[in-house]
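Taking it in order: structure first as structure tokens, then the write-up.
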Amino acid sequence: MKPEFLAIHPDIQSALDQRRPVVALESTIITHGMPYPENVRTAIEVEETVRANGALPATVAVIDGKIAIGLSKSALERLATTKDVVKASGRDLAAVMSRGGSAGTTVSATMRIAALAGIKIFATGGVGGVHRGAQETFDVSADLVELGRTAVTVVCAGVKSILDIPLTLEYLETQRVPVIAAGSDDFPAFYTRSSGLKADHRLDTPEQIARAIAIHWQLGSGSGMLIANPIPEADALDPAIIDGMIADAVAEAAEQGIGRKELTPFLLARINELSGGSSLRANIALVKNNAALAARIAASLDA
Ligand code: PSU
Ligand code: MN
């Protein structure tokens with residue numbers, strides 16, 4: 001990419017040049033996933049967590065028409081407080097950059113950018129997936145398509161039940177994306193440690209996961225990998241309670257005709273309201289947990 005479109009922080013560039021561990025972080029979670037001020041506080045704490053676990057954080061966003069890799073605190077604050085910042089998936093990047101705009105990058109956009117920069121591991125909360133009712137709406141997140149074609153490993157806490165979890169796993173299977181649960185037999189469901197479905201594979205240590213990543217690349221399949229890391233026990237929510245709130249939020253979205261890129265942010269905000277903030281607390285805890293695992297994997301990959 002031409003340098004006029006890319007602002008990569010010098011510390012991150014030199015870490016990459018010297019093959020030191022770097023973890024990419026997305027920014028739609030800041031702009032559209034959490035309310036202010038928890039969004040900016042979490043973004044900063046997640047970066048600290050990556051550092052504390054032996055890697056350099058590289059938060060990705062579009063700022064004034066340029067892809068920024070590594071954001072200053074003031075850039076984070078600006079992203080977190082500006083109301084009309086766009087949610088950009090990979091396909092939105094060119095148009096937003098062409099007009100000099102700013103955007104939070106989703107998992108699909110952040111994967112694309114990480115691949116361009118040579119960053120192999122990326123931590124987030126939850127990836128997008130196949131939405132409930134997708135048989136009618138066709139709503140399948142571009143994150144899943146990107147996972148099928150971009151060789152970046154994404155550490156997440158599984159998939160939230162705002163989505164159709166069995167169909168999401170089917171789609172990932174079709175896209176040749178390995179789904180590996182970290183230290184668990186079950187595929188986790190974001191707020192809870194199990195979706196009731198088995199993950200395809202279980203690996204127990206960052207070293208084992210790093211080895212699987214290295215082998216996957218040597219096989220040359222070109223797809224990404226999904227590492228599903230269950231939320232810590234102490235932060236997990238009661239499925240009986242949260243599942244009801246999710247169902248209510250999904251029904252409200254359908255009644256109000258909310259679709260396309262507005263749907264996921266609407267559901268996250270509504271579930272936070274319905275749960276009196278407990279979903280947000282769980283979300284913050286699991287993102288940090290994922291950042292720690294991603295940093296450890298990155299550190300053993302480059303070791
Ligand atoms: N899930 C969350 N928090 C988020 C997102 C998903 O719990 O912030 C964001 C991520 O950036 C993800 C995007 O890539 O939503 C997916 O959006 P969509 O479902 O519109 O593809
Ligand atoms: Mn969608």
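As the structure lists them, so they are numbered: ligands from 1, and atoms in each ligand from 1. Computation of the quantities below employed the complete heavy-atom set of this structure, encompassing side-chain atoms and omitting hydrogens, waters and symmetry-equivalent molecules.
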| note | Atoms of type N, O or S from the protein that sit nearer than 2.8 Å to the Mn ion (ligand 2) number exactly 1
| task | Check for a donor-acceptor pair, side chain of Thr168 on one end and backbone N or O of Val130 on the other, with a separation under 3.5 Å. | result | yes
| request: For Arg260, look at atom CZ and say whether over 12 heavy atoms of other residues, nucleotides or ligands are found less than 6.0 Å away. | output: no
| request: Using atom types as modelled and distance alone, determine if a side-chain donor or acceptor of Gln208 lies under 3.5 Å from a backbone N or O of Asp204. | output: yes
| request: Could you check Ile121, Thr205, Thr153 and say which one makes a side-chain contact (heavy atoms from CB on, under 4.5 Å) with Ile297? | output: Ile121
| message | For the backbone of Ala142 and the side chain of Ser108, can you confirm whether one donor and one acceptor N or O come within less than 3.5 Å of each other? | response | no
| field | Heavy-atom side-chain contact between Lys120 and Ile213 under 4.5 Å | value | no
| When you look at CZ of Arg19, are more than 12 heavy atoms from neighbouring residues, nucleotides or ligands closer to it than 6.0 Å? | no
For ligand 1, output the ligand-protein N/O contacts shorter than 3.5 angstrom; if there are none, return none.
from: ligand 1; atom 1: 1 (N); to: Lys160; atom 2: NZ; distance (Å): 3.2
from: ligand 1; atom 1: 7 (O); to: Lys160; atom 2: NZ; distance (Å): 2.6
from: ligand 1; atom 1: 11 (O); to: Glu26; atom 2: OE1; distance (Å): 2.7
from: ligand 1; atom 1: 11 (O); to: Glu26; atom 2: OE2; distance (Å): 3.3
from: ligand 1; atom 1: 14 (O); to: Val107; atom 2: N; distance (Å): 2.8
from: ligand 1; atom 1: 14 (O); to: Asp143; atom 2: OD1; distance (Å): 3.3
from: ligand 1; atom 1: 14 (O); to: Asp143; atom 2: OD2; distance (Å): 2.7
from: ligand 1; atom 1: 17 (O); to: Lys87; atom 2: NZ; distance (Å): 3.2
from: ligand 1; atom 1: 19 (O); to: Thr264; atom 2: OG1; distance (Å): 2.7
from: ligand 1; atom 1: 20 (O); to: Lys87; atom 2: NZ; distance (Å): 2.7
from: ligand 1; atom 1: 21 (O); to: Ser141; atom 2: OG; distance (Å): 2.6

| Do any N or O atoms from the side chain of Ser195 and from the backbone of Ala189 form a donor-acceptor pair under 3.5 angstrom? | no
| Would you find a donor on one side and an acceptor on the other, under 3.5 Å apart, between the side chain of Arg149 and the backbone of Gly222? | no
